[in-house]
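Each chain gets a letter, A, B and so on, in the order its sequence line appears, and its residues count up from 1.
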Number of protein chains: 2
Amino acid sequence: MNLKDLADQLNLSPTTVSRALNGYPEVSEVTRARVEDAARRYNYRPNTQAKRLATGRAMAIGHVIPISTQHEIVNPVFADFIAGAGEVYARSGYDLLMTIVPDEDQDRIYREIRSKRNVDGCIVHSPKMAEPRIGLLRELGLPFVVHGRATLETGPYSWVDMNNIRAFHRATEFLIDLGHRRIALINGIETMDFAHRRRLGFEQALAARGVQADPGLMASGEMTEAQGYHEAMAMLAGPQRPTAFLTSSLLSAMGVRRALGDLGLVLGRDVSIVTHDDDLSYLRNGGDEPIFTATRSSVRDAGRRCARLLLRQIELGKAAVPKPVGELLEAPLIVGASTGPAPGV
Amino acid sequence: MNLKDLADQLNLSPTTVSRALNGYPEVSEVTRARVEDAARRYNYRPNTQAKRLATGRAMAIGHVIPISTQHEIVNPVFADFIAGAGEVYARSGYDLLMTIVPDEDQDRIYREIRSKRNVDGCIVHSPKMAEPRIGLLRELGLPFVVHGRATLETGPYSWVDMNNIRAFHRATEFLIDLGHRRIALINGIETMDFAHRRRLGFEQALAARGVQADPGLMASGEMTEAQGYHEAMAMLAGPQRPTAFLTSSLLSAMGVRRALGDLGLVLGRDVSIVTHDDDLSYLRNGGDEPIFTATRSSVRDAGRRCARLLLRQIELGKAAVPKPVGELLEAPLIVGASTGPAPGV
DNA sequence: GTGAAAGCGCTAACAT
DNA sequence: ATGTTAGCGCTTTCAC
């Protein structure tokens with residue numbers, strides 16, 4: 001059943017039917033009702049491709065997921081983010097087009113996407129502090145929203161980001177309030193913007209409370225269980241061992257916990273762990289076991305917001321050049337059984 | 001630059017240019033070379049939408065990801081699977097179209113996808129033992145490949161699956177060989193086909209070696225850290241505690257490990273853990289720390305195979321009705337530091 | 001308020 | 001081997 005068939009059934013022209021279905025004002029309400037009714041009865045769905053060709057709009061958003069060839073890791077955050085974004089797209093009639101590319105091919109892929117014209121805009125994932133994709137997309141004239149920020153980028157661009165500085169500032173303060181002075185930071189790779197900001201928040205909080213930062217207690221790496229384990233083992237080996245760990249990821253935190261086990265240390269008594277991690281959504285949010293401090297479904301929310309922002313930008317784009325907007329989200333601070341006062345306090 | 005422009009530049013008809021670019025045999029090699037050269041120079045890219053409309057092929061594959069509304073979990077396996085599939089699509093010029101839907105809306109979504117005609121086929125994720133989507137897709141005439149199987153489905157269909165029965169059979173045998181007799185199974189939800197099969201493998205191995213299966217040592221649930229922890233705590237509470245755990249997921253295994261810590265039991269000495277988990281890809285495959293038995297990048301491989309199978313089916317579909325095919329993949333057995341002989345052996 | 005006609009950029013059947 | 005013509009199914013002027 002296509003537009004013409006439907007029009008024939010109704011003894012109307014395809015034009016009128018199209019107008020009725022797309023909410024144009026010049027159709028009489030009675031015809032509109034008739035058309036809508038018939039469309040429903042015949043289960044009519046407009047052919048997406050035809051619509052796209054005619055309007056010149058792809059009605060699709062691209063998500064280009066970089067896949068590092070060095071460490072075969074698909075960032076688990078993507079799943080939740082995309083779930084949120086997908087929700088919004090679905091409601092607005094957009095498709096989500098996903099492309100998985102090796103890190104080094106990104107440039108080529110974006111250009112290709114652009115010239116094939118099969119997306120109206122895209123989301124930039126995992127920005128680095130210096131992010132070449134922003135300049136590229138600007139040059140290509142493809143609307144985009146960055147999930148995160150790129151500190152070293154000078155031009156304007158739209159983004160949605162978690163307030164990483166504040167989250168780590170608060171988490172650090174929380175530990176300081178419990179009497180901890182030797183606090184270790186197990187961070188992500190610090191060329192990534194989020195990791196850079198997390199470190200800033202950590203350092204600022206220490207400085208604000210007059211606690212001396214110890215470079216030996218700051219590690220930056222790949223946010224795996226193994227990383228957490230190794231860094232914790234190393235840091236806990238010396239005489240000046242940390243009394244608390246602040247980690248960037250749930251996996252790292254689990255690694256730290258394993259290290260504690262191996263060393264016969266008790267979590268929450270000898271050593272505390274606080275983690276800011278969007279991955280917590282993998283654990284059942286049963287509420288029965290708040291082991292970690294974490295930002296729960298915040299990633300999904302970020303996905304929704306990114307999507308909304310981008311769609312608004314695209315819709316507006318037809319009329320005026322939209323001006324870039326940023327949205328800063330706060331991470332909830334959830335405190336659980338993994339923390340306690342510093343030993344001797 | 002579109003086809004017509006390019007043709008004008010070359011003093012050829014759009015038809016010839018199209019034929020040259022699409023590898024039709026009737027073009028002379030010299031014209032083809034001229035055309036290809038010009039296309040490259042002008043950076044010509046065919047408009048995807050137009051091509052799709054003209055050919056009636058969407059050049060896209062749909063992935064419908066069910067998102068359970070009850071437990072807010074996005075199965076982390078999807079990320080890796082999709083990375084594999086995406087790789088194949090990219091090479092073949094297909095797009096990957098992702099839709100995230102609440103479990104209960106699936107029916108509607110598939111019908112919509114079908115009538116909007118924006119995918120040529122789709123992948124069915126996470127099949128249950130009784131899987132209604134298979135019948136639906138068959139009825140809709142939309143080509144599909146199932147990642148996994150649906151035991152209770154009687155009709156033919158194409159699938160790619162991990163050999164879950166064998167994986168768990170071998171893992172169980174491995175533990176029996178180490179002298180373990182009281183082996184606990186921490187499984188996924190057993191209406192899911194993979195979980196059902198894993199249990200089968202476990203039970204078959206016990207039976208084959210004359211070990212009595214204990215219903216008290218079999219748990220089925222959501223594969224979270226909390227599940228592993230709770231089930232392990234419960235099972236280890238009694239006097240007849242298990243000496244080994246076989247878990248379906250890395251998270252569950254981590255939960256079990258935490259329980260051991262809380263109870264002062266030593267991993268690999270008092271209790272062994274073996275886990276079959278595709279999630280291990282989240283951990284850096286540094287090789288320095290084989291804590292678990294696992295199927296590593298196997299999920300990504302499954303993604304690739306599913307995609308290839310589906311594309312083949314679609315290409316063939318034009319000519320003949322393709323007959324369903326199944327592919328059974330073996331999971332590697334990786335053994336690490338988390339296992340040891342049964343106490344007293 | 002409705003319809004006829006042209007066109008979006010490509011492919012494919014039918015010439016030549 | 002190349003060109004002509006007619007669509008694919010929709011939107012969008014423009015005319016009534």
Quick one: is [N] close enough that its OP1 or OP2 comes under 4.0 Å of any side-chain N or O from [X]?
X       : N      : result
B/Tyr44 : C/dC10 : yes
A/Thr31 : C/dT2  : yes
B/Ser18 : C/dT11 : yes

If we count only N and O atoms by modelled type, under 3.5 Å, do the side chains of B/Asn2 and B/Asn47 hold a donor and an acceptor together?
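Side-chain D/A pair, B/Asn2 to B/Asn47: absent.
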
Applying a 4.0 Å non-hydrogen cut-off, can you work out what [X] is touching in the nucleic acid: base, sugar-phosphate, or nothing?
X       : result
B/Thr55 : sugar-phosphate
B/Ser28 : sugar-phosphate
B/Asn11 : sugar-phosphate

Whole angstroms only, please: what is the [atom1]-[atom2] distance between [X] and [N]?
X        : N      : atom1 : atom2 : result
A/Leu53  : C/dT11 : CG    : C1'   : 12 Å
B/Leu3   : C/dC10 : CG    : C1'   : 7 Å
A/Lys116 : C/dC10 : NZ    : P     : 13 Å
B/Met59  : C/dT11 : CE    : P     : 11 Å
B/Gln49  : C/dT11 : CD    : C1'   : 15 Å
B/Glu26  : C/dA12 : CD    : C1'   : 10 Å
A/Lys4   : C/dG3  : NZ    : P     : 13 Å
A/Asn118 : C/dG9  : CG    : P     : 15 Å

Which residue lies more 5' along DNA chain D, comparing B/Ser13 with A/Met1 via nearest heavy atoms:
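So the residue in question is B/Ser13.
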
Determine, for [X] against [Y], whether the closest basic-nitrogen to carboxylate-oxygen distance falls under 4.0 angstrom.
X        : Y        : result
B/Arg138 : B/Glu153 : yes
B/Arg32  : B/Glu29  : yes
B/Glu139 : B/Arg111 : yes
B/Asp161 : B/Arg149 : yes

Would you say the side chain of A/Arg19 and the base of C/dG3 hold a donor-acceptor pair, judged only by whether the two atoms sit under 3.5 Å apart?
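Per atom types, the contact qualifies.
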
Name the orientation class of the two ring planes belonging to B/His63 and B/His125 (parallel below 30°, tilted from 30 to 60°, perpendicular beyond 60°).
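Geometry flag for B/His125 against B/His63: tilted rings.
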
Tell me, do A/Tyr94 and A/Ile314 make a side-chain contact under 4.5 Å, heavy atoms counted?
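Touching, per the 4.5 Å side-chain cut-off.
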
How do A/Ala50 and A/Val30 order along DNA chain C: which one's closest nucleotide is nearer the 5' end?
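Here A/Val30 is the residue nearer the 5' end.
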
Below 4.0 Å from chain B heavy atoms, what is the first contacting nucleotide of DNA chain D and what is the last?
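Reading along DNA chain D, I get D/dA1 to D/dG9.
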
